[in-house]
Every structure is written in C-alpha cells, then in structure tokens.
Visitor: 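Attaching a single structure in structure tokens format; questions to follow.
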Number of protein chains: 2
Amino acid sequence: MYSHTVFSTLADPTRRRIVEALRHGEQAVNDIVGLVGVDQPGVSRHLRILHEAGFVQVRPHAQQRFYSLRSEPFRELAAWLTNYRIFWEARLEHFARALDRKAPVRRKGKQ
Amino acid sequence: MYSHTVFSTLADPTRRRIVEALRHGEQAVNDIVGLVGVDQPGVSRHLRILHEAGFVQVRPHAQQRFYSLRSEPFRELAAWLTNYRIFWEARLEHFARALDRKAPVRRKGKQ
DNA sequence: CGTATATATACCAATAGATATATACAGCGC
DNA sequence: GCGCTGTATATATCTATTGGTATATATACG
C-alpha cells in the first residue's frame, strides 16, 4: 500500500480534474465519469485515492455515491505555502483583497 | 523528456526537502547533499527537474553552483489554491494575520 | 425473487520515476 | 600540464502507478 501526500495526490492530472469537477458541489460517480474522460473503474480508483488522502467524503444515497470535497488538505496546502510566502508576497495584495468580505485589508499605499 | 507540473514536482519528498533547504537562501549543491540525505548525482538530477519546473535558479561561482528559489511556481500554487479558498476560509484569519506586517487585518473582535 | 443500475475491486500490460553506479566534463591550485 | 574537487549525465535496475477489461457487490424496482 502507498500513502499519498497532498502533493502526490494532486500530481495526477485526472485527479486534479476530479477535484475541479467537485469544486461546485457534490457529484455522483457517473457524473464525474462524464466530466473527466476516464472510464468508471478508473474514476472509482482515483476517488479511492482522493478519499484516503482526505480530499473527498462520500454520501451514499440509493445506489449512487455522492462525492464532495473536504477542506483539510486545502488548509494543509495553504499552511505549507505560508512558509514560502516571501516568494509570492508580490501577489499578496491580490490575495488579501480576495478576503475583503471577511477581513478587509487596509491599503496604505505601500507604507 | 517529461514536463513536470508544480504538483508533480513537489510530489517527490526529496525535492520538497531540497526546496525546504533553499528556503532561507541559496546553497551549493554539496551543501544540499548534506541536508537531504541523497547522494550527489541524485541531488543534481532533482535540481535539474526543479530547474526545469522553474522552482530554482543557478548562480555559478568557480566550480560551485549556487541554487536558490524562484517565486513563480509558488505564485502559481497560490493562484490555484485561490479557486478553493472556500474550503480553507475557516483559517483565513490565521492566514491574513501572517500578513500583518504588510497589510494589517482589521480585527473586528470576531464580530 | 429476478433484473437493471451504480459503484467497487482484481488482474493485466505498459509506463514513468527513483536510486545507485559509473563516467564525463570543467575549473582550480600546484 | 596534472591532479583534485565539484557538478552533470548516462546506464541499469527496481518499484509504483496508470488505465483498460472483466468481474463482483450492493441497492432499487417490478
């Protein structure tokens, strides 16, 4: 068995497409199949990896299984990235502005 | 030839250790060897991949080559992560606070 | 109870990536 | 010029992952 990390999980382009497909809400497996262009067993295998890595959760309903994203790995990624924030500081303003609603940034003209 | 993405580049733990080793400034190849626990040719091969992926730049000096981090891939990663910010919003305060020096967050006493 | 549908798993061939060993090349000091 | 050190590349081997086909399991429905 192999334990995937956040990065190795996202290293596969098919899995990134699946994550992308789940961005706006939960999807049944077959819906995902139609979106990512891999056959159903392939999608199921990737979903298992995504599940083991904590990226997705499942909600069974009838014969279908609805997958949706979990937040933890994204937080982990954000935390990792924080260590390197000096390298994308130039874009921090952008970033910060994205948070406006939640915690407005005080622009002080570069101080 | 294989073109690595930001994620597949970081998928390898040795490369993450190399990036980590470069976090606080440039290092010569042999210094990195001592830090990451892989033999020198191995480090060189990983450095090549990191270079091709835009993670590092080189400054030759005498026989040594000093490697240092570039910002672009980190910005790319941050941009990707932005699409999923709804998933780590809970931690945004933390995040935002990390920026304090640059753009202080207006704490509204949790509102 | 039997059939259809949705999903998961097993097995396979092909491929990609990692590590180590050996080798080549370049700059420096003597 | 010669050897020494630092760095890069080539080769071989090994392991892990991918995607496909076929099959198994589970739930719904008539």
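A note on names: the letters A, B, ... follow the listed sequences, proteins ahead of strands, and every chain is numbered from 1. All values reported here derive from a predicted model rather than from experimental measurement.
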Visitor: Under 4.0 Å: is that the gap between some side-chain N or O of His46(A) and OP1 or OP2 of dG19(D)?
Guide: yes

Visitor: Can you check whether Tyr67(A) has a side-chain N or O nearer than 4.0 Å to OP1 or OP2 of dA6(C)?
Guide: no

Visitor: Less than 4.0 angstrom between a side-chain N/O of Ser44(A) and OP1 or OP2 of dA6(C), yes or no?
Guide: no

Visitor: Can you work out whether Ala62(B) or Ala28(A) has the more 5'-proximal nearest nucleotide on DNA chain C?
Guide: Ala28(A)

Visitor: How do Asp39(A) and His61(A) order along DNA chain D: which one's closest nucleotide is nearer the 5' end?
Guide: Asp39(A)

Visitor: Distance check needed: dG17(C) C1' versus Glu52(B) CD, whole Å only.
Guide: 14 Å

Visitor: Taking atom C1' of dT18(D) as reference, at what distance in whole Å does atom CZ of Arg16(A) sit?
Guide: 15 Å

Visitor: How long is the line joining NE2 of His51(B) and P of dA8(D), in whole Å?
Guide: 10 Å

Visitor: Any donor-acceptor pair, under 3.5 Å, between the side chain of Gln40(A) and the base of dA8(C), if you only look at N and O atoms?
Guide: yes

Visitor: Starting at the 5' end of DNA chain D and moving along, which residue's nearest nucleotide shows up first, Val58(B) or Arg15(A)?
Guide: Val58(B)

Visitor: Counting only side-chain N and O atoms of Asn30(A), is one of them less than 4.0 Å from OP1 or OP2 of dT7(C)?
Guide: yes

Visitor: Using a cut-off of 4.0 Å on non-hydrogen atoms, how would the nucleic acid contact of Gln64(B) be classed: base, sugar-phosphate, or nothing?
Guide: sugar-phosphate

Visitor: What is the nucleic acid contact for Ile49(A), judged by heavy atoms within less than 4.0 Å: base, sugar-phosphate only, or nothing?
Guide: sugar-phosphate

Visitor: Quick one: Arg59(A) CZ to dA6(C) P, roughly how many Å, whole number?
Guide: 16 Å

Visitor: Using a heavy-atom cut-off of 4.0 Å across all strands, would you classify Pro41(A) as base, sugar-phosphate, or nothing?
Guide: base

Visitor: Rounded to whole Å, please give me the gap between CZ in Arg48(A) and C1' in dT18(D).
Guide: 14 Å

Visitor: Does any donor-acceptor pair link the side chain of Arg65(B) with the base of dG6(D) at a separation under 3.5 Å?
Guide: no

Visitor: Which atom pair, heavy atoms only, marks the closest approach of Thr82(A) to Ala78(A)?
Guide: OG1-O, 2.8 Å

Visitor: Please pick, from dG6(D), dG17(C), dT21(C), the nucleotide with the shortest atom-to-atom distance to any side-chain atom of Arg45(B).
Guide: dT21(C)

Visitor: Which atoms form the tightest heavy-atom contact between Arg23(A) and Asn83(B), and what is the distance?
Guide: NE-O, 3.7 Å

Visitor: Do the rings of Trp80(B) and Phe74(A) sit parallel, tilted or perpendicular, given the 30° and 60° boundaries?
Guide: parallel

Visitor: Using whole Å, report how far CG of Leu47(A) lies from P of dT18(D).
Guide: 13 Å

Visitor: Could you report the tightest heavy-atom contact between Leu81(A) and Leu81(B), atom names first, then the distance?
Guide: CD2-CD2, 4.4 Å

Visitor: For Gln57(A), look at atom CD and say whether over 12 heavy atoms of other residues, nucleotides or ligands are found less than 6.0 Å away.
Guide: yes

Visitor: Rounded to whole Å, how long is the line connecting atom CD of Gln63(A) with atom P of dA26(D)?
Guide: 14 Å

Visitor: Specify the closest pair of heavy atoms between Thr9(A) and Arg15(A), including all atoms of both residues, with the distance to one decimal.
Guide: O-NE, 2.7 Å

Visitor: Roughly, in whole Å, what's the span from CG in Asp12(B) to C1' in dA16(C)?
Guide: 13 Å

